[in-house]
Amino acid sequence: MTATADKPATAVVDTVTLTIDGTEVTVPKGTLIIRAAEQVGIEIPRFCDHPALKPAGACRQCLVDVASPGPDGNLRAFPKPQASCTMTVTEGMVVNTQHTSEEADRAQKGVMELLLVNHPLDCPVCDKGGECPLQNQAMSHGRPETRFVDVKRVFEKPLPLSSEILLDRERCVLCQRCTRFSKEIAGDAFIDLQNRGAQQQIGTFDEDVLDFDGYRPVGAATVDEAGKAFSSYYSGNTVQICPVGALTSAAYRFRSRPFDLVSSPSISEHDSSGSAIRIDHRRGQVLRRLADNDPVVNEDWISDKDRFAFAWQNLSDRITRPLVRKDGELVEVSWPEALAAAAAGIKAATASDDEGSARGAAVLTGGRVTLEDAYAYQKLARVVLGTNDVDSRARSTSDEEQAFLGSQVAGTGLGVTFGELEKAPTVLLVGFEAEDEGGVVFLRLRKSLGRQQVLTVAPYLSRGAEKLGATLVPAVPGREASALAELPADVREALSQPGAVIVLGERAAEAPGTFVAANEIVAATGARLAWIPRRAGERGAVEAGALPGLLPGGRTATLKGAREAVAKAWGVESLPTAKGRDTNAIIEEAAEGGIGALIVGGVSASDLAGDVATALGRTGFVVSLEVRRSEIAEAADVVLPVAPPSEKSGTFINWEGRLRAFATAIRTDAMSDHRVLDLLAREWGVELGTATVEAVNAELAALGAASSTERPAAPKARAAGKARTKKGTAVLGTWHQLVDEGALQDGEPYLAGTGRVAVARMSQATADAVGAGAAVSVSTESGTIELPVVVTAMVDGVVWVPTKSPGSWVARDLRATAGAIVTVKGAA
Amino acid sequence: MSGSDDVWKVNRERDGERETFESNFPKRGPFLEALAPVAGFGVSLRNFFRPTVTEQYPKVKNPTMPRYHGRHQLNRHPDGLEKCIGCELCAWACPADAIYVEADSNTPDHQVSPGERYGRVYQINYLRCIFCGLCIEACPTRALTMTNEYELAGPTREGLIYEKQDLLAPMGKNMLAAPHPMVPGTTDGSYYRQEVTGAVDEQVEWVREHRPEDPTLPENRTAEEAARG
């Protein structure tokens with residue numbers, strides 16, 4: 001937590017007192033008239049004004065009569081009505097809105113009439129109809145009859161800006177909210193005002209200057225300000241803030257009307273930011289998701305993945321009833337039969353054989369489940385199955401990372417916050433791409449563009465980092481620790497400024513020694529650490545103890561005292577003492593036939609570099625808890641259906657350590673993982689106590705955070721040596737793009753169209769050395785990926801490919817992670 | 001004594017009114033008073049000499065008044081494209097929540113109504129409908145009107161939820177079943193202004209190419225249908 005003692009208890013704010021419609025109001029200096037009016041409950045109609053965007057005064061709908069004291073102290077009225085969204089208040093100002101001034105009312109009605117002159121009034125076919133500020137304000141401030149009898153301006157409609165965003169220029173009132181959002185907030189300007197007068201329109205940039213640089217989206221797209229094909233991860237926000245129906249999304253086009261929809265507040269399951277969203281659903285089906293306003297987390301914005309990726313949960317491969325394998329086929333059975341079959345199968349598979357040796361059980365849970373679910377998984381593993389082999393990290397892992405998470409993350413409460421990240425003078429990103437892996441973290445960093453120095457330890461400066469004005473600290477993938485150790489003195493000095501933050505991403509686990517090196521910098525500079533994983537459930541799983549070496553609250557599983565404290569709280573005699581194995585070790589062991597039973601929930605096999613197919617095949621008994629028929633579910637002996645996030649309640653813990661609880665949006669009879677595991681444990685006669693979210697939270701609260709003596713020791717690891725690449729090989733660099741082929745983005749073709757085309761990146765020297773032509777093949781012993789080459793200014797001897805984009809599934813095809821040596825050849 | 005009697009009594013006492021009831025009707029004379037027990041037969045007697053009003057339904061079905069609110073109908077443009085654009089204003093206006101609509105995009109290969117949008121799902125639940133006609137007033141394209149058909153009863157609940165195919169108007173003369181492209185050179189506005197008067201050769205050709213078996217093609221129409229128009 002930040003020390004607040006050095007700040008004055010009450011900040012002295014200069015205030016201004018003015019009169020609006022006869023009501024006196026005192027507001028901070030610099031407040032806009034329109035905001036001051038809001039404070040006394042006077043609503044002035046507006047289109048272009050948005051609290052998160054800079055004032056524009058574009059639509060002129062908010063005209064009011066203003067008078068302010070002149071030099072002689074007498075009140076002097078402005079000769080014409082003024083736009084209240086651009087004018088700041090002054091002492092003694094007298095404002096008369098449409099409620100008290102006929103002049104202001106007449107002006108507003110006139111502006112409304114002009115705005116409607118060219119508006120097509122096609123409300124019945126417009127997606128905004130029913131929730132449209134123009135429609136509402138035309139009713140409240142417009143004329144009942146139109147006087148315009150001539151032909152309206154027409155444009156071709158709709159104009160697709162990308163596969164997801166459609167522009168209908170006829171409906172546009174030129175408020176410029178979209179262009180201002182794109183320039184000020186997201187940094188992906190793609191449309192702007194063109195022409196003058198009646199022909200003025202929002203238009204796209206000149207398509208003749210298309211310069212393909214490897215950021216081309218999969219789908220068709222227009223060209224942005226930089227002459228590049230438009231690909232933004234935040235474009236959906238423009239649809240939400242458009243005050244008319246000029247910008248619509250292909251996914252929600254003509255789907256429903258606002259009065260059809262039931263809106264439920266929720267939390268996005270797509271990244272570790274825990275963005276507040278609103279789920280709009282009809283008849284048990286999610287139709288769209290919108291950003292909710294949460295000033296301390298996501299402000300008004302969410303990423304397109306948060307907004308559009310929800311179709312996965314209602315695809316045709318959804319599992320609604322338990323499945324048990326009978327004669328090699330998965331058949332639907334009742335819940336009691338499936339639970340009994342699962343328990344019997346696990347018991348048989350882990351029983352001692354004739355020689356008295358037994359194979360153990362293990363639990364894998366991907367980082368997507370909630371805090372409560374993760375808690376139930378690890379409790380089942382430790383209490384029922386008697387093993388510490390439980391891991392929630394379906395990605396690269398290291399013992400160093402676990403030690404870091406246990407000693408510095410778990411049970412530490414709220415750490416660095418979004419607000420502190422925004423205000424930090426210096427931010428050093430290590431193993432973390434803000435745009436691709438952070439979602440709204442990127443928007444917060446970009447908000448401080450020009451006021452903040454961003455440094456990124458990466459093989460090259462990505463476009464997202466460029467938009468943050470970041471400086472590259474070049475590093476060979478997997479060798480970030482050496483880059484940190486050799487950090488230039490000026491960077492260290494910048495990190496010594498109060499409030500500086502070092503951000504460690506989930507890929508820090510791929511580079512040995514990174515956590516140690518980061519801790520050394522922290523010790524030397526006093527900078528603060530923030531761990532920002534990619535998946536929504538990662539932080540919650542750390543808190544819940546769903547890691548092999550960690551019990552709930554950051555207690556280390558290898559310390560007797562910590563184990564006894566947890567065993568006492570759980571009412572069991574003892575907890576397993578054997579050192580637990582992480583995900584990759586479990587898969588390895590299983591592939592050698594060393595695991596008796598495996599419980600898997602929320603894991604995509606294609607995210608793991610290990611040989612998952614063999615591992616599942618050689619494991620005695622596999623139980624899968626899944627929403628859809630995944631690869632793992634297809635190979636399982638028993639499949640228990642669980643609820644997707646919109647059909648359950650629970651808590652995600654975002655990277656700040658903030659609890660992001662959400663309620664059930666759609667009531668179905670699908671059960672959460674923790675409830676299913678509670679039922680499963682009863683088959684052993686064990687009361688797991690995880691039947692409800694409340695029960696789990698009560699247990700977690702009773703357990704509390706670990707004391708310093710119960711925590712693991714600080715991470716210790718040696719940095720990896722210099723990468724030895726031979727001729728024709730290179731070090732593999734890779735990370736997930738925000739919009740890619742992840743399992744939670746299935747079934748949404750319009751969103752997939754905005755994802756970036758997979759390319760291989762390498763420096764000119766590397767390309768020459770390996771003889772890369774237009775395309776290149778990257779291969780390991782396990783497989784090959786062929787991608788077009790984009791020569792990028794980057795570290796030599798490194799080839800970068802996206803982790804799970806179309807045609808580039810690194811874990812499945814290469815069975816390699818960042819830092820591995822891969823063979824690179826030119827391809828046709 | 002029941003509770004309501006108590007209330008009655010208490011109210012009476014509070015109002016200070018008399019307990020007895022006094023009729024407002026004029027008092028009858030002694031002669032009529034004596035005939036009162038058989039006065040009811042007079043009513044029967046009087047009606048012997050009046051014309052009968054009994055309707056022989058269902059043997060004889062009398063036409064309703066022309067503006068009778070009967071079953072709904074989804075109309076078509078003269079070339080056969082549907083008028084409904086799936087705007088859901090009817091569903092919005094419905095006080096009984098009897099209408100359910102889902103819209104979708106028209107595509108060049110699947111043009112159901114003029115313009116961008118058409119109603120993919122259209123259901124009216126006649127167990128809920130109160131035949132008030134607010135939906136008809138709300139319809140911006142005059143797609144939804146009411147017929148005079150009043151025989152809306154059935155043995156199942158499902159059967160009384162009418163789907164789009166149950167509600168669509170029959171194909172008239174010169175009409176071609178949707179989907180097919182709009183008349184070349186027209187916009188949805190032209191349809192709205194009734195500038196389209198029937199299916200043109202291009203549309204017939206398109207349907208012939210894509211659905212040669214379509215019964216609304218001129219060559220597939222039976223003589224009987226053609227005569228009916």
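Per chain, numbering begins at 1; letters A, B, ... match sequence-line order. Note that the structure is predicted; figures quoted are calculated from it, not measured.
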Lys/Arg-Asp/Glu bridge criterion (N-O < 4.0 Å) met for B:E102, A:R255: no

Which residues from residues 183-203 of chain B are near chain A, with near meaning under 4.5 Å between non-hydrogen atoms? none

Could you give the distance from CG (B:D97) to CZ (A:F259), rounded to the nearest 0.5 Å? 8.5 Å

What part of A:C123 lies closer than 4.5 angstrom to a heavy atom of chain B: side chain, backbone, both or neither? neither

Against the six-membered ring of B:Y100, is A:R282 placed for a cation-pi contact (under 6.0 Å from the centre, within 45° of the normal)? no

Should the pair B:D104-A:R253 be classified as a salt bridge under the 4.0 Å nitrogen-to-oxygen rule? no

Taking everything shown except A:D150 itself, do over 12 heavy atoms lie less than 6.0 Å from its CG? yes

Among residues 67-75 of chain B, residues within the sub-4.5 Å heavy-atom range of chain A, in order of number, are none

Would you indicate whether B:N62, at its atom CG, is surrounded by more than 12 heavy atoms from other residues, nucleotides or ligands within a distance under 6.0 Å? yes

Measure the shortest side-chain to side-chain distance between B:E88 and A:P124 over non-hydrogen atoms and say whether it is less than 4.5 angstrom. no

Among residues 105-129 of chain B, residues within the sub-4.5 Å heavy-atom range of chain A, in order of number, are B:S105, B:E116, B:R117, B:Q123

With a 4.5 Å heavy-atom cut-off (strictly below), which parts of residues 131-168 of chain B touch chain A? List them by number. B:P140

